[in-house]
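Report on the following structure.
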Amino acid sequence: MPRKPKQQASALKVLPGVAQPSQLNDEAVIRMQGKKNEPLNIDDLFNGIRSGNRMLLSKAITLAESARSDHQLMAQALIEKCLPFSGKSLRIGITGVPGVGKSTFIEALGTWLTSRGHKLAVLAIDPSSSRSKGSILGDKTRMEDLATDPNAFIRPSPSAGTLGGVARKTWETVVLCEAAGFNTIFIETVGVGQSETAVHSMVDFFLLMMLAGAGDELQGIKRGIMEMADGIVINKADGSNLKKAMLARSEYERALNLFPLPPSGLRPKVALCSAIDRSGIKEAWKKIEDYCSFTRMNGYFESKRLEQAEVRMYDTIEGRLRNDFFNDKDIKNMLQKVLLDIREHRISSYIAAQQLLDEYYALNGKK
Ligand code: GDP
């Protein structure tokens, strides 16, 4: 469905009669121009990415995020070209409620990693809303050291959209960053509650950040998310909070022991850290590294990546089918009528679905 043009907030006054930029994406087009206003082509972008040119990497990501169909075509060709050069990084998902200390932790761990030669890309998933606009840009002030670190690349979450759309764009950004030589990728969940599954489906290690003494309910952490975690860190284990944090560690370890052994073959470990004091950071990373070496040895690392790739394919098919179906003009009309029939108990939901599908297949010559 075509996107509605968004009104641009601007400090500049526009004279009457001067057209406002109609779409966010127009801006992207301008930003896509190369030197001397020559539009960039796929080869320029590809060569730029492979040589680690961050400006061209940013432009490629903007292209992948654009809703314009010509941009999408270019982006897909570029991503195909980059794919053979991707896959060599360690992909880490970082989740936890707002305020748990994700940005502070990423800054602490990230700068430690880059000082040891890692090339780190920090991405975010936030499909929630307008809050997402520049959420990591906002974080940039919090991740001050990383933002100016030549070995780090911070990219804000793609602007709000469906979870599937945002997840796909984030995934494409991972491929582009890996082709640009980033060997460590952090994907942070910024939204609460819905984006964890999406992040989980694209990372090698899923880290859950918790606080001591806040109670699971308070932290909004569902059992399902605990089960997804490959490791837990209890942050803010400092000052008067340290004792509580130690207690919480044993509680979480006990809780994790009640879950069946995960398919990785490793029970998630619980670590303590203070992101602000930068203590426990190295230890947290060691746990991630240990997990990855263990799962590389037992084959789980690779089989999980393959499974993730399959799931991405199925998700894409489902998304496309759903889109095609619900955007079909005849189906839209019929849907209104059928919904009325359901409301007035003239037809069951199953029969209604069957009628709609039969009509869709008939319209598309499948029956
Ligand atoms: P996010 O919303 O999860 O990204 O959390 P932030 O990193 O923005 O941190 C939220 C607040 O907690 C900020 O005021 C941080 O300074 C503070 N904070 C983060 N880590 C720690 C920590 O280890 N100890 C303490 N005492 N405060 C922390």
Side-chain angles (χ1 to χ4, degrees), residues 92-114 120-149 152-158 160 166 170 185-196 198-200 203 205-222 225-226 228-229 231-249 252 270-288:
I92 316 289
I94 299 173
T95 196
V97 292
V100 70
K102 293 184 294 297
S103 320
T104 316
F105 178 78
I106 291 171
E107 169 95 334
L109 177 58
T111 47
W112 183 73
L113 287 173
T114 57
L120 171 72
V122 181
L123 318 175
I125 282 201
D126 178 8
S128 53
S129 64
S130 52
R131 191 183 101 71
S132 66
K133 292 205 188 79
S135 50
I136 274 218
L137 280 184
D139 286 351
K140 262 196 171 169
T141 52
R142 287 186 281 155
M143 298 188 207
E144 270 170 358
D145 293 340
L146 271 187
T148 53
D149 188 328
F153 177 79
I154 303 180
R155 179 76 187 188
S157 176
V166 170
T170 307
I185 314 272
F186 286 173
I187 307 177
E188 178 192 1
T189 56
V190 182
V192 192
Q194 43 172 333
S195 35
E196 287 85 0
V199 173
H200 185 251
V203 296
F205 187 96
F206 190 64
L207 181 71
L208 173 61
M209 291 186 67
M210 306 275 265
L211 293 174
D216 291 0
E217 262 63 54
L218 264 184
Q219 294 189 48
I221 298 294
K222 307 224 168 64
I225 295 171
M226 280 266 287
M228 268 191 243
I232 292 180
V233 290
I234 301 173
N235 190 32
K236 308 198 186 182
D238 45 44
S240 58
N241 215 22
L242 183 58
K243 262 204 179 127
K244 266 196 283 179
M246 288 164 83
L247 203 67
R249 176 169 57 187
Y252 285 130
V270 186
L272 299 183
C273 85
S274 168
I276 215 151
D277 292 346
R278 304 202 168 191
S279 69
I281 302 294
K282 276 184 273 184
E283 291 76 5
W285 182 251
K286 174 85 172 55
K287 292 208 156 71
I288 296 176

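When a ligand or atom number is given, it counts from 1 through the structure's own listing order.
- Aromatic ring pairs are classed by plane angle as parallel below 30°, tilted from 30° to 60° and perpendicular above 60°; the pair Phe206 and His200 is perpendicular.
- Taking a cut-off of under 4.0 Å to the non-hydrogen atoms of Pro98, the atoms of ligand 1 that pass are 2 (O).
- Within the 4.5 Å cutoff, no side-chain heavy atoms of Val199 are placed close to those of Glu196.
- Of the candidates Asn241, Thr104, Leu211, Thr189, it is Thr104 that places a heavy atom closest to atom 7 (O) of ligand 1.
- The side-chain heavy atoms of Ile281 and Phe105, taken from C-beta on, include a pair separated by under 4.5 Å.
- For ligand 1, the atoms lying closer than 4.0 Å to a non-hydrogen atom of Asp238 are 22 (C), 23 (O), 24 (N), 25 (C), 26 (N).
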From CA spacing to verdict: side-chain hydrogen bond (donor to acceptor under 3.5 Å, both in side chains), Asp145, Thr111: CA-CA 7 Å; Asp145 293 340; Thr111 47; 5.4 Å; no
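- Within the 4.5 Å cutoff, side-chain heavy atoms of Leu208 are placed close to those of Ile232.
- Between Cys273 and ligand 1, no N or O atom pair is found at a separation short of 3.5 Å.
- Any N or O atom pair closer than 3.5 Å counts here, and Ala237 shares no such pair with ligand 1.
- Under a 4.0 Å heavy-atom criterion, Gly96 is not in contact with ligand 1.
- Close approach of ligand 1 to Val97 (heavy-atom distance below 4.0 Å) involves ligand atoms 3 (O).
- You'll find the side chain of Glu107 reaches within 4.5 Å of the side chain of Arg278, heavy atoms only.
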